Structures are given as C-alpha cells and as structure tokens.
Amino acid sequence: MKKFAVVATMATALLGSTAIHAAELEVTHWWTSAGEAAAIAEFAKVFEEETGHTWVDSALSGSGTGANPVIISRIIGGDPMGATQMNTGRDAEELIQAGLMRDLTEIVGDMNIEEFYVDASLLEPCRYEGGLYCLPINIHSWDWLWLSTAAYEEIGQPVPTNWDEYVASWPALQEAGILPFGLATGWPFSGIPGALMAGLGGPELVLAINRDKDPEAVRGPEFRKVAEALDNLRSVVSPETMVPSFGDVGNQLLEGTAAGNIHGDWLAGDLQIAGGVPGEDYECLPGLGFGTQLSGGGDSFYFPVLPEGTDPEVIQAQEQLARILISPEAQLNFNLVKGSMPIRTDIDLSGANACMQKAIALLDNGLLPSGDFSLSSDVQQQLQDLNTEFLDDDSITVDDYIERYASIIESAE
C-alpha cells in the first residue's frame, strides 16, 4: 500500500470539535428515492450542526450499477470527492489496494468500534494490510417479501405468511386484474435470486455459493428450487407491467394494484414516506416468511485520499464526518428513516417500525454473506447480466440458467 499523499495534522482528540473555518465537503451517494433522500439528509444535518462545515450533496442516479463507475472514475482520475457511499463489500477493493482510500484506523481508533458493531464481520471488507478503509453505516438485506393489504382485501383472501402461500394466490390475483408481482426496470431484479436463495435454499446454500464459491452447490437440488421459483416468477412479469423505480412499486403495493414484491429493506423508507404503515397497509416477511437468517451487506462510507495542497479544513471535515456517521445520534436518525438496521448495539430502537423490529430479532442468528459482500464487482456484474437475460428471454431454460450460474461461480475469486 503506497503512502497517502496527504496526512491530517489535526490530532484525533480534536476531530469532534467545531471547525474554526467552515469547509465544503462533497459527498457522493446513489440515494435518490424519496425515502433514501430523507435518510441521507439526516446525516447531513448532524454533520453540519456539529462541525459548522457544509455538506455538498452529490447524488448519482442508477443505484450502484450506474453510480459506482462514476465514483471510481473520479477517484482514479484525480478528482476525488470528500467522501462516498458504496456497498459494504468488495466494490472498492482495488481502490484500497492502490492506496486511493484513506486509512481510518487512527481517526476512529478511540471509538471502540469492535465493541459496538452488531456484526464484526461487516468490517472485514474494509480491512487491508492492517488498515481500516471504510465504515459500514447500516445493515441492509434483500431478503424481504412485501405484500399489499389492499390487494388481498380485494380478492377476499388473508395476506400470505410465506412465499408458498403467496405463489398459490397468483391465479386469484390475476383473475381480479391485480399484478401478482410488481417490478421496477433495471437493477431491482438483480437482488431477487439471492433473496430466493436465502429464503428457499437456506443458509447452507448461501454459504456454499457466496462464501465457498462452490459450483456444485449451484448444480444441486436446493439451488434448482431457486431457479424454478425464478422461472415461475418471470411468468407473471412482463416489460409492459414494469414501472420506473422501486418507489413506484411501493406505491403499487399501497394502492393494491400489485400484490407483492421482493426487494431490500430500503423499500421500507419509501413506504414510510408515502404514509404506509406495516401491519395495516402492507406486510413485510423477512426470509420470504421462511428464513431464520438474513443475508446482509449494506452501505459503507469511504474517504478518498485528497490531492496535495487540499485545504486542511477539508481533510479535518473528512475525519469529523467519519466519526459522526457511526455516532449514536446519526445512526439512530439515519436508520429509522432508511429502514435499515443500525450497526450499533447501544442505541434505543424502541421507535423502529414493525419491519425493522423483525429484522433486529433475527440478528442474533448471525448474518449470511450477500453477493455484494463476498463476490467481486466483476462476478456481481456477470450474475446480474445473466439474471437480466433470464428474465428477458424465455428460451433460456432452468437447466441453462443453472449451468451458466455455476460457471460464473466456478471462476469467481
């Protein structure tokens, strides 16, 4: 790891103090939906109130698939932002290895992060050659089935309690003119296979594929259940029924025009902003109603090395933001809006909604490694391309899908 071009001169003891001269700190992220924008605003508010610096918000569209290339290109190209959100996982590992991210070890060294992180494994992708290069700020999971109360009232059936009951309700929903499954265009489909893997295949399958990268597990009977469920799902989805964003799917659920959706728990933030109440307007089933463990990743913040000659106040602002992001106040305010689980174990979550409370109850069982967490960006992209092709092309059989998936895992590092 090459040495950083700039070194902060401010002592760690002063990192939490108010800045003498206000600086502007550009922060990039891909949180653009209503719920996401409201959540990131909570971080910005605490940062500006506690430091006197200015948070310069640079929101990038396209989620990680669209934003990551822009973020990486800017850092490599010598135009780094002050801080950036990326997935907790391997998305930034080459930037870290190239010495383009700041080591945060001393900056947060007195905060005892190993003691309050709810799952210390979240920190593993942030570590490199003894350094700490990112800070996970939440725990997100894709493994949720969201169901519309209004849709099931329309067909006179109780809201399902698991995936099997949900699939069994599809004919009645279609007869009533209700979409069995709401889906947004683009990246939202990419997380569905992993959620099916965790819910239908179970923890051992997730570990075998994501952690051990065992292609024979893909070729086995448990993954075949996943592939067949995905095949079944694509039979009730068509391009004509897709909507532009996952927030639009949330509106479909509240309206009752779509009955269900598999999506990450960040959908809860948009449902909350739209006025939806879990248990009344919609139901949320972790692990698709079956799982006792959630696969987890989430979001981390990275702090790029800034060019020589950068205003020391900007460097100080980086350090202050790093500490604030994992502080109790910011963690509580952000995650209650975002819908994600906080990384701290020492904050009062009595105000969390029913969906977050379900997730928290499963944390004691440990987190399963999501694909974002354990697979390289290249492998993730290959799988996403395969999943998109499978959705779009009915001529790709279940057997074809399984073998192509196995081949990708077989070559994964």
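What you are looking at is a predicted structure, and each value in this text was computed from that prediction instead of being measured.
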Just checking, R234 and F390: is the charged tip under 6.0 Å from the six-membered ring centre and within 45° of the axis? yes
Worked check of side-chain contact (heavy atoms from CB on, under 4.5 Å) between L25 and F47: CA-CA 10 Å; L25 189 72; F47 172 70; 4.1 Å; yes
Using the benzene-type ring in the case of Trp, are the ring centres of W187 and H263 under 6.0 Å apart? yes
Using a distance-only test with no angle check, is there a side-chain donor-acceptor pair under 3.5 angstrom linking E48 and H53? no
Would you call the rings of W170 and Y166 parallel, tilted or perpendicular, taking 30° and 60° as the class edges? perpendicular
Side chains of E154 and I178, heavy atoms from C-beta outward: is any pair under 4.5 Å? yes
Scanning both residues in full, the closest heavy-atom pair of Y401 with A227 reads CD2-CB, 3.9 Å
Could you tell me whether a side-chain N or O of Q331 sits under 3.5 Å from a main-chain N or O of S327, the two making a donor and an acceptor? no
Are P136 and C126 packed together at the side-chain level, in the sense that at least one heavy-atom pair is separated by less than 4.5 angstrom? yes
Decide, yes or no, whether a salt bridge links R224 with D231 under the criterion of side-chain N to carboxylate O below 4.0 Å. no
If you round to the nearest 0.5 Å, how far is CZ of R323 from CG of L104? 11.5 Å
Side chains of Y128 and D103: is there a donor and an acceptor less than 3.5 Å apart? no
Decide side-chain hydrogen bond (donor to acceptor under 3.5 Å, both in side chains) for D385 and T388; before the verdict, give the C-alpha distance in whole Å, the side-chain angles of both, and the deciding distance to 0.1 Å. CA-CA 5 Å; D385 291 344; T388 301; 5.6 Å; no
Could you tell me whether the side chain of L306 reaches within less than 4.5 Å of the side chain of V314, counting heavy atoms only? yes
Do the side chains of L368 and N210 get nearer than 4.5 Å, heavy atoms only? no
I'd like to know if E222 and K225 make a salt bridge, using a cut-off of under 4.0 Å between side-chain N and carboxylate O. yes
Do the side-chain N and O atoms of S340 and N335 include a donor-acceptor pair separated by under 3.5 angstrom? yes
Dump the intermediate steps for salt bridge (Lys or Arg N to Asp or Glu O under 4.0 Å) on K213 and E413, then the final yes or no. CA-CA 8 Å; K213 302 174 182 60; E413 296 179 356; over 6 Å; no
Taking ring pair (Phe, Tyr, Trp, His ring centres under 6.0 Å) as the cut-off, I'd like each qualifying pair that reaches into residues 196-232, sequence neighbours left out, listed once. F223-Y405
Verify, without hydrogens or angle tests, whether T88 (side chain) and D299 (backbone) share a donor-acceptor contact under 3.5 angstrom. yes
If only side-chain N and O atoms count, and only distance matters, is there a donor-acceptor pair under 3.5 Å linking D393 with S395? yes
Which heavy atom of D143 sits nearest to which heavy atom of A198, and what is that distance? OD2-CB, 3.4 Å
Short side-chain donor-acceptor distance under 3.5 Å, S407 and E410: no
Side-chain donor/acceptor of T149 to backbone N/O of E280, under 3.5 Å: yes
Closest non-hydrogen atom pair, P160 against S169: CG-OG, 4.5 Å
Looking at CG of D364 and CD of Q293, how far apart are the two atoms once the value is rounded to the nearest 0.5 Å? 11.0 Å
On a heavy-atom basis, the closest approach of I192 and L233 is CG2-CD2, 3.8 Å
Under a 4.0 Å N-O cut-off, is there an ion pair linking E42 with K338? no
side-chain hydrogen bond (donor to acceptor under 3.5 Å, both in side chains) between T292 and N365, worked out: CA-CA 7 Å; T292 58; N365 298 332; 4.9 Å; no
Can you check whether A259's main-chain N or O pairs, donor with acceptor, with S148's side chain at less than 3.5 Å? no
How about E94: does its CD atom have over 12 heavy atoms from other parts shown lying under 6.0 Å from it? no
Run the side-chain contact (heavy atoms from CB on, under 4.5 Å) test on V218 and I402 for me, step by step, so that the C-alpha distance in whole Å, both residues' side-chain angles and the decisive distance to 0.1 Å come before the verdict. CA-CA 7 Å; V218 180; I402 289 172; 4.2 Å; yes
Do Y282 and V277 make a side-chain contact, defined as non-hydrogen atoms from C-beta onward lying under 4.5 Å apart? no
Do NZ/NE/NH1/NH2 and the carboxylate oxygens of E329 and K45 come within less than 4.0 Å? no
Taken to the nearest 0.5 Å, the spacing of E114 CD from L132 CG works out to 8.0 Å
Looking just at side-chain N and O atoms, do D265 and S141 make a donor-acceptor pair shorter than 3.5 Å? no
Evaluate side-chain contact (heavy atoms from CB on, under 4.5 Å) for L325 paired with L135, printing each intermediate quantity in order. CA-CA 8 Å; L325 291 172; L135 293 170; 5.6 Å; no
Using 4.0 Å as the upper bound for N to carboxylate O, is an ion pair formed by E389 and R404? yes
Atom pair CZ/OG of R211 and S374 - distance to nearest 0.5 Å: 10.0 Å
Shortest non-hydrogen pair, P304 vs Q318, comes out as O-NE2, 3.0 Å
Measure the shortest side-chain to side-chain distance between I137 and F334 over non-hydrogen atoms and say whether it is less than 4.5 angstrom. yes
Does the side chain of N333 reach to within under 4.5 Å of the side chain of V46, using non-hydrogen atoms? yes
For D57 and I40, the nearest pair of non-hydrogen atoms, with its separation, is OD1-CG1, 4.2 Å
Taking the six-membered ring for Trp, are W144 and W146 closer than 6.0 Å centroid to centroid? yes
Working to the nearest 0.5 angstrom, can you tell me the gap between I262 CD1 and L230 CG? 8.5 Å
Can L100 and Y133 be said to form a side-chain contact (heavy atoms from CB on, under 4.5 Å), step by step? CA-CA 10 Å; L100 297 175; Y133 294 91; over 6 Å; no
Axial cation check for F116 ring with R344, 6.0 Å and 45° limits: yes
R74 vs P80 side-chain heavy atoms within contact, under 4.5 Å: no
Step-by-step side-chain hydrogen bond (donor to acceptor under 3.5 Å, both in side chains) determination, D399 to T397: CA-CA 5 Å; D399 287 339; T397 67; 5.1 Å; no
Separation of I71 CD1 from D91 CG (nearest 0.5 Å): 9.0 Å
Worked check of side-chain hydrogen bond (donor to acceptor under 3.5 Å, both in side chains) between S58 and E26: CA-CA 7 Å; S58 290; E26 182 190 9; 2.8 Å; yes
Have a look at D378 and tell me which of Q381, Q380, Q382 forms a side-chain hydrogen bond (donor to acceptor under 3.5 Å, both in side chains) with it. Q382
Is a side-chain donor-acceptor pair under 3.5 Å present for E228 with N232? no
Tell me whether E216 at atom CD has more than 12 heavy atoms from other residues, nucleotides or ligands lying less than 6.0 Å away. yes
Would you find a donor on one side and an acceptor on the other, under 3.5 Å apart, between the side chain of Q272 and the backbone of A268? no
